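Remarks on the structure that follows.
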Amino acid sequence: VSTASPFKFPGDVVRAILGEESIKDKDEFQILDILSAVSEKAIPAGLKDLSEKPILHDVLFPKDRMRYAVNKFLGLDG
C-alpha cells in the first residue's frame, strides 16, 4: 500500500496536479497539508505531526563522502 501512496512523494504529486507554483516556497510539511486537502485523504499516521518530532540525525555529508558516512554510521572505519 505504501508504494502506491501519493504521500510517498508529495511534492511530485502536488506539482503534477496543481502545477509548479503550488509548491513554490513551501516546505515538505506544507506540501503534505496541500496534498491532504486536494486528495481529501488523511495524512498517514507515520507522517502526521512529523514536524513536531525531534530530529535524530542532523549530520550532512557531501555526495562524494557517502561511503565514509555509511561506514561511520555502521561503526566501521571510513
Side-chain angles (χ1 to χ4, degrees):
V1 173
S2 65
T3 301
S5 172
F7 292 95
K8 189 169 184 181
F9 302 103
D12 293 327
V13 174
V14 172
R15 184 183 300 110
I17 295 170
L18 301 176
E20 186 69 37
E21 286 297 311
S22 65
I23 63 168
K24 185 178 179 180
D25 300 323
K26 305 280 191 306
D27 66 29
E28 292 295 320
F29 305 111
Q30 293 169 313
I31 294 171
L32 283 173
D33 289 335
I34 293 169
L35 180 55
S36 178
V38 169
S39 67
E40 298 180 355
K41 303 285 183 195
I43 297 172
L47 298 174
K48 187 165 178 58
D49 302 322
L50 188 58
S51 64
E52 306 302 317
K53 297 185 181 194
I55 296 173
L56 300 178
H57 305 282
D58 60 356
V59 178
L60 300 175
F61 288 91
K63 183 175 156 182
D64 64 340
R65 299 280 291 159
M66 191 56 61
R67 181 181 302 273
Y68 169 80
V70 171
N71 285 337
K72 182 176 171 122
F73 179 78
L74 295 173
L76 304 172
D77 290 329

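One is the number of the first residue; the rest follow in order along the sequence. This one's a predicted model, so the numbers in the text were calculated from it and none came from an experiment.
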(Q) Can you confirm if the NZ or CZ of Arg65 lies within 45° of the ring axis of Tyr68 and under 6.0 Å from the centre of its six-membered ring? (A) yes
Q. Tell me, which pairs form a salt bridge (Lys or Arg N to Asp or Glu O under 4.0 Å) where one or both residues lie in residues 10-29, sequence neighbours left out?
A. Asp12-Arg15, Arg15-Glu20
Q.
If you count every heavy atom of other residues, nucleotides or ligands that lies below 6.0 Å from Phe73 atom CZ, does the total exceed 12?
A. no
(Q) Quick one, Ile34 and Leu18 - any side-chain contact, counting heavy atoms below 4.5 Å? (A) yes
Q | Gly11 versus Ile23, closest heavy-atom pair with distance | A | O-CD1, 4.0 Å
Q. Of the non-hydrogen atoms in Phe7 and Leu47, which two are nearest, and what is the gap between them?
A. O-CD1, 3.8 Å
Q | Backbone N/O of Leu32 and side chain of Ser36: donor-acceptor pair under 3.5 Å | A | no
Q) Same cluster or not: are Ile31 and Ile17 linked, directly or through other Ile, Leu, Val, Met, Phe, Trp or Tyr residues, by side-chain heavy atoms under 4.5 angstrom apart? A) yes
Q: Measure the CD1-NE2 distance between Ile55 and His57 for me, rounded to the nearest 0.5 Å.
A: 11.0 Å
Q: Find the distance between CD1 (Ile43) and CG (Leu50) and round it off to the nearest 0.5 Å.
A: 10.0 Å
